[in-house]
Asks: 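What follows is a single structure, and I will ask about it in a moment.
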Protein chains: 2
Amino acid sequence: MIPIEIIEKYDAVRRFYKKSEIIFEKDSFATHYYQIISGSVKMNNFNDEGREFIQGFFTVHQCFGEPPLFLERTYPANAEAVEDSELICVSKPNFLKLIAENPSVSIIMIKNLAQRLHYKSVMAAEISTEDSEHRLLQLFDYSITYFNFKKEQEGFHIDLTRQQMGDLTGLRVETVIRTIKTLEKKSEVKIVNRKVYR
Amino acid sequence: MIPIEIIEKYDAVRRFYKKSEIIFEKDSFATHYYQIISGSVKMNNFNDEGREFIQGFFTVHQCFGEPPLFLERTYPANAEAVEDSELICVSKPNFLKLIAENPSVSIIMIKNLAQRLHYKSVMAAEISTEDSEHRLLQLFDYSITYFNFKKEQEGFHIDLTRQQMGDLTGLRVETVIRTIKTLEKKSEVKIVNRKVYR
DNA sequence: AACTTTTTATGACCTATATCATAATGACCC
DNA sequence: GGGTCATTATGATATAGGTCATAAAAAGTT
């Protein structure tokens, strides 16, 4: 996202996070800019019954959790390392200085936010009005480009667990499993060795 | 949003739209920047069965539909005038020029996108994991600040029709009507003269 | 004032998805 | 190689919210 050379001019700190370690929590105040050097991160919410909703996954070179930095707000969701990860962090005042002094970075931020807003707009409409088959297909098609899944023999490999698919679309695992099977019967996806291809 | 004086330097055109008139359609390519001079606009989707989902309402001084301008993409939703409205429009090349030449506008755009991403993040989690009572209360609380509804005797007046509440939360009108009534019994909202107060 | 349209309202019934229980398979680890 | 945990799987049952029908109040139109 933001070139590392630029970030490093602003007192950046590298930090390692173990798998499942929490990076920041919902409702806490935003104090840093985070960008991924290696590994991957998810942002999520939990409702009162402990049910998870995954806002999105973020991987190498991507940043996450900036909106509250610009809004003087708390985070709308938690951030958690999906695997062992290395992040580079910049404090809020330094980050705002970085933005002000590097106009090219503003454009990068704008494109990045626009991209994520686009994903959320598409998924919001899906989740609220469409049935489970439609929701999952939309997720697959969107995530192929967005997470750049690899094309293999059978098609693009949707590298998500059934649980993750559910948490991204607001469906339960059992429903995801059943829906995927009917999608397979309708030749919308292939299932080989429990892996899903589209 | 962007000061009118600046916009007018870039071959801006003012256009009037009648109530219910379409400003742009989903899947069409983004060619202009739009900002509201007077009136209000909604962005929405329709699914195959004609069911509507409202992405959001936009009112005086706000802009809408910029993300695809930055992404070389088509619109993820339609835009429609909610009432007779006057908009000021700038062509895409002129708009990008405007951004490049006015660094202060970049910051405005970033804050604007961050704000909307925040709303979508909150509502996405609500819609996918919470029940109808929770969803509506969240919508009310969020829209009080976001649409700046006025505080009256009974509380903040939630100036939305039941249908609009449903289209914003992915619920049906009947469900909204029934849920609001139980919320009234639980003293979470007041209903006076069919109007909802929180 | 008569008409049409929109909004709110209520009841009866239905269905997609959630819930709960239970288990097999595969991955990881000591 | 045996134990633990995560993932996939399947069946039985429950339920929140959707669907359909019908209507009355309010708002807007001519």
Side-chain angles (χ1 to χ4, degrees), chain A residues 18-20 42 46-54 80-84 126-137 139 157-186 189-197, chain B residues 18-20 42 46-54 80 82-84 126-139 157-186 189-197:
Chain A
K18 284 268 161 212
K19 179 178 173 175
S20 301
K42 70 176 171 182
F46 293 96
N47 75 358
D48 307 336
E49 284 95 50
R51 185 165 171 194
E52 183 175 4
F53 174 72
I54 299 177
E80 177 186 325
V82 175
E83 52 190 317
D84 291 0
E126 282 298 315
I127 288 175
S128 59
T129 64
E130 304 286 0
D131 59 30
S132 59
E133 294 183 22
H134 209 282
R135 279 196 230 185
L136 284 168
L137 285 179
L139 172 70
H157 174 204
I158 310 299
D159 193 9
L160 296 167
T161 66
R162 270 79 167 150
Q163 182 65 62
Q164 290 173 330
M165 293 173 191
D167 292 343
L168 284 160
T169 54
L171 298 168
R172 313 251 67 175
V173 217
E174 298 94 324
T175 307
V176 171
I177 290 167
R178 286 166 184 143
T179 306
I180 290 178
K181 299 221 158 152
T182 60
L183 284 174
E184 191 193 20
K185 274 178 206 142
K186 294 182 181 177
V189 299
K190 280 186 188 171
I191 304 179
V192 181
N193 214 354
R194 295 178 158 206
K195 288 175 188 164
V196 179
Y197 296 91
Chain B
K18 283 270 160 211
K19 178 178 175 176
S20 301
K42 70 175 170 181
F46 294 96
N47 74 0
D48 307 336
E49 285 94 51
R51 185 165 170 195
E52 182 176 4
F53 173 72
I54 299 178
E80 176 185 327
V82 174
E83 53 192 315
D84 291 0
E126 282 298 316
I127 288 175
S128 58
T129 64
E130 304 285 3
D131 59 29
S132 60
E133 294 183 20
H134 209 282
R135 280 196 230 182
L136 283 167
L137 286 178
Q138 184 69 56
L139 172 70
H157 174 204
I158 309 298
D159 193 10
L160 296 168
T161 67
R162 271 81 168 147
Q163 183 64 62
Q164 290 172 330
M165 293 173 192
D167 292 342
L168 283 160
T169 54
L171 299 168
R172 311 252 67 172
V173 217
E174 298 94 325
T175 307
V176 171
I177 289 167
R178 286 164 183 144
T179 305
I180 290 178
K181 297 222 156 146
T182 60
L183 285 174
E184 191 192 21
K185 274 178 205 142
K186 295 181 181 177
V189 301
K190 280 186 188 171
I191 304 179
V192 181
N193 214 355
R194 298 179 156 207
K195 288 175 189 165
V196 180
Y197 297 92

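Just so you know, these numbers use all the heavy atoms, side chains as well, and skip hydrogens, waters and symmetry mates. No experiment lies behind these values; they were computed from the predicted model shown.
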Asks: How long is the gap from CG on N193(A) to CD1 on I191(A), to the nearest 0.5 Å?
Replies: 11.5 Å

Asks: Which of residues 163-177 of chain A sit near DNA chain C, with a heavy atom under 4.0 Å from it?
Replies: G170(A), L171(A), R172(A), E174(A), T175(A)

Asks: Under the rule for side chain to side chain donor-acceptor pair (under 3.5 Å), what residues qualify as partners of T179(B), not counting sequence neighbours?
Replies: S132(B)

Asks: Just by distance, do the side chain of R135(A) and the backbone of T169(A) share a donor-acceptor pair under 3.5 Å?
Replies: yes

Asks: By side chain to side chain donor-acceptor pair (under 3.5 Å), which residues pair with E126(A), not counting sequence neighbours?
Replies: H134(A)

Asks: At how many degrees, to 10°, do the end axes of the helix from dA1(C)-dT30(D) to dC30(C)-dG1(D) meet when each uses five pairs?
Replies: 60°

Asks: Give, for atom NZ of K42(A) and atom CD of E52(A), the distance between the pair rounded to the nearest 0.5 Å.
Replies: 4.0 Å

Asks: Let me know the distance between CD1 of I191(A) and C1' of dT7(D), rounded to the nearest Å.
Replies: 14 Å

Asks: Produce a footprint string for nucleotides 24-30 of chain D: one letter per nucleotide, 5' end first; B if the base is under 4.0 Å from any protein heavy atom, S if only the sugar-phosphate is, - if neither.
Replies: -S-----

Asks: Please name the pair of heavy atoms, one in M165(A) and one in I158(A), separated by the smallest distance, quoted to 0.1 Å.
Replies: CE-CG2, 4.1 Å

Asks: Taking E130(A)'s backbone N and O only, do any of them form a donor-acceptor pair with R51(B)'s side chain (distance below 3.5 Å, no angle check)?
Replies: no

Asks: Which residues in residues 127-137 of chain A have at least one heavy atom lying under 4.0 Å from any atom of DNA chain D?
Replies: none

Asks: Rounded to whole Å, please give me the gap between CD1 in I158(A) and P in dT7(D).
Replies: 18 Å

Asks: Residues two or more places apart in sequence or in another chain: which of them pass side chain to side chain contact (heavy atoms under 4.5 Å, CB included) with I177(B)?
Replies: R162(B), V173(B)

Asks: Along DNA chain C, 5' to 3', what are the outermost nucleotides having an atom less than 4.0 Å from a heavy atom of chain B?
Replies: dT7(C) to dA12(C)

Asks: With sequence neighbours left out, write down each residue that passes side chain to side chain donor-acceptor pair (under 3.5 Å) with Q163(A), or none if nothing qualifies.
Replies: D167(A)

Asks: Would you tabulate the pairs of protein nitrogen or oxygen atoms and nucleotide nitrogen or oxygen atoms of nucleotides 12-15 of chain D closer than 3.5 angstrom?
Replies:
none

Asks: Looking at residues at least two apart in the chain, or sitting in another chain, which of them share a salt bridge (charged side-chain N to carboxylate O under 4.0 Å, His left out) with E133(B)?
Replies: K186(B)

Asks: Within the structure provided, determine whether L137(A) and V189(A) are in side-chain contact (heavy-atom separation under 4.5 Å).
Replies: yes

Asks: So do L139(A) and L160(A) actually touch side chain to side chain, heavy atoms under 4.5 Å?
Replies: yes

Asks: Tell me whether D84(B) is salt-bridged to K18(B), with the criterion being a basic N under 4.0 Å from an acidic carboxylate O.
Replies: yes

Asks: Report yes if some heavy atom in the side chain of L171(B) is under 4.5 Å from a heavy atom in the side chain of L136(B); otherwise report no.
Replies: yes

Asks: How would you list, by chain and number, every residue that makes a side chain to side chain contact (heavy atoms under 4.5 Å, CB included) with K185(B), sequence neighbours excluded?
Replies: none

Asks: Quick one: closest heavy-atom pair of I127(A) and L168(A), and the distance?
Replies: CD1-O, 3.8 Å

